[in-house]
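Remarks on the structure that follows.
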Amino acid sequence: MIQFLLDTTNSGSAFKDNWVLLVLLGVLLIVFMVLPIFTQKRNNKKFQEMIDKIHIGDEVKTIGGVVGKIIEIREISATEKHMVLETGAGENKSTIIFDMNAILNVVNPAAVPEVEEKQEEAKKD
């Protein structure tokens with residue numbers, strides 16, 4: 001690269017000799033810009049599937065590290081849902097309201113009756 005910049009006598013031929021390198025650099029730049037877009041779309045799809053499968057009674061962990069059992073799901077709008085988590089043990093239980101997007105993962109899924117599963121499938125159709 002330095003030799004290319006210092007070469008003042010054959011500036012036209014240096015570009016002709018390095019065109020393959022410039023094309024390869026351009027292709028690599030495009031690949032590294034486009035590849036993260038596809039992986040992010042795949043991750044968003046997996047996250048949305050996880051959110052859609054969550055039911056009352058599931059034990060979840062939030063992105064803040066709070067672990068609790070879902071006791072209520074509130075649908076605020078078509079795109080926004082809140083969940084009420086019950087945390088603590090014994091007489092020291094408390095409830096906290098979180099946005100559904102705050103879920104990191106499902107720690108312990110609850111058993112969902114078949115009747116609810118059939119109703120959800122009917123809603124999707």
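No experiment lies behind these values; they were computed from the predicted model shown.
Residues L104 and M50 are members of separate hydrophobic clusters, defined by side-chain heavy-atom contacts under 4.5 angstrom among Ile, Leu, Val, Met, Phe, Trp and Tyr. Linking ILVMFWY residues whenever their side-chain heavy atoms come closer than 4.5 Å, directly or via other members, leaves M83 and I63 in distinct clusters. A continuous path of Ile, Leu, Val, Met, Phe, Trp and Tyr side chains, each step under 4.5 Å between heavy atoms, connects V60 with I73, placing both in one hydrophobic cluster.
Every residue meeting the salt bridge (Lys or Arg N to Asp or Glu O under 4.0 Å) condition with E72, not counting sequence neighbours, appears here in chain and number order: R74. The side-chain hydrogen bond (donor to acceptor under 3.5 Å, both in side chains) search around E86 returns none, not counting sequence neighbours. Listed by chain and residue number, Q40 satisfy the side-chain hydrogen bond (donor to acceptor under 3.5 Å, both in side chains) test with N44 (two or more places apart in sequence, or in another chain). Residues passing the side-chain hydrogen bond (donor to acceptor under 3.5 Å, both in side chains) test with T39: none are found, sequence neighbours excluded.
Looking only at side-chain heavy atoms (C-beta outward), L85 and T62 come within less than 4.5 Å of each other. Looking at D58 and N108, their side chains never come closer than 4.5 Å, going by heavy atoms from C-beta outward.
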Atom pairs and distances, donor-acceptor, side-chain atoms in residues 90-103, under 3.5 Å, two or more places apart:
from : atom 1 : to   : atom 2 : distance (Å)
S94  : OG     : T87  : OG1    : 3.2
D99  : OD2    : N101 : ND2    : 3.4

Determine all donor-acceptor pairs shorter than 3.5 Å in which one atom belongs to a side chain in residues 28-37; sequence neighbours excluded.
none

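Nearest heavy-atom pair, I70 versus I54, reported as atom, atom and distance to 0.1 Å: CD1-CG2, 3.3 Å.
Separating the CG atom in N43 from the CZ atom in F38 is a distance of 13.5 Å, to the nearest 0.5 Å. To the nearest 0.5 Å, atoms CD1 (I51) and NZ (K53) are separated by 12.0 Å.
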Take K61 and V66, measure what side-chain contact (heavy atoms from CB on, under 4.5 Å) needs, and give me the verdict at the end.
CA-CA 6 Å; K61 183 176 186 179; V66 177; over 6 Å; no
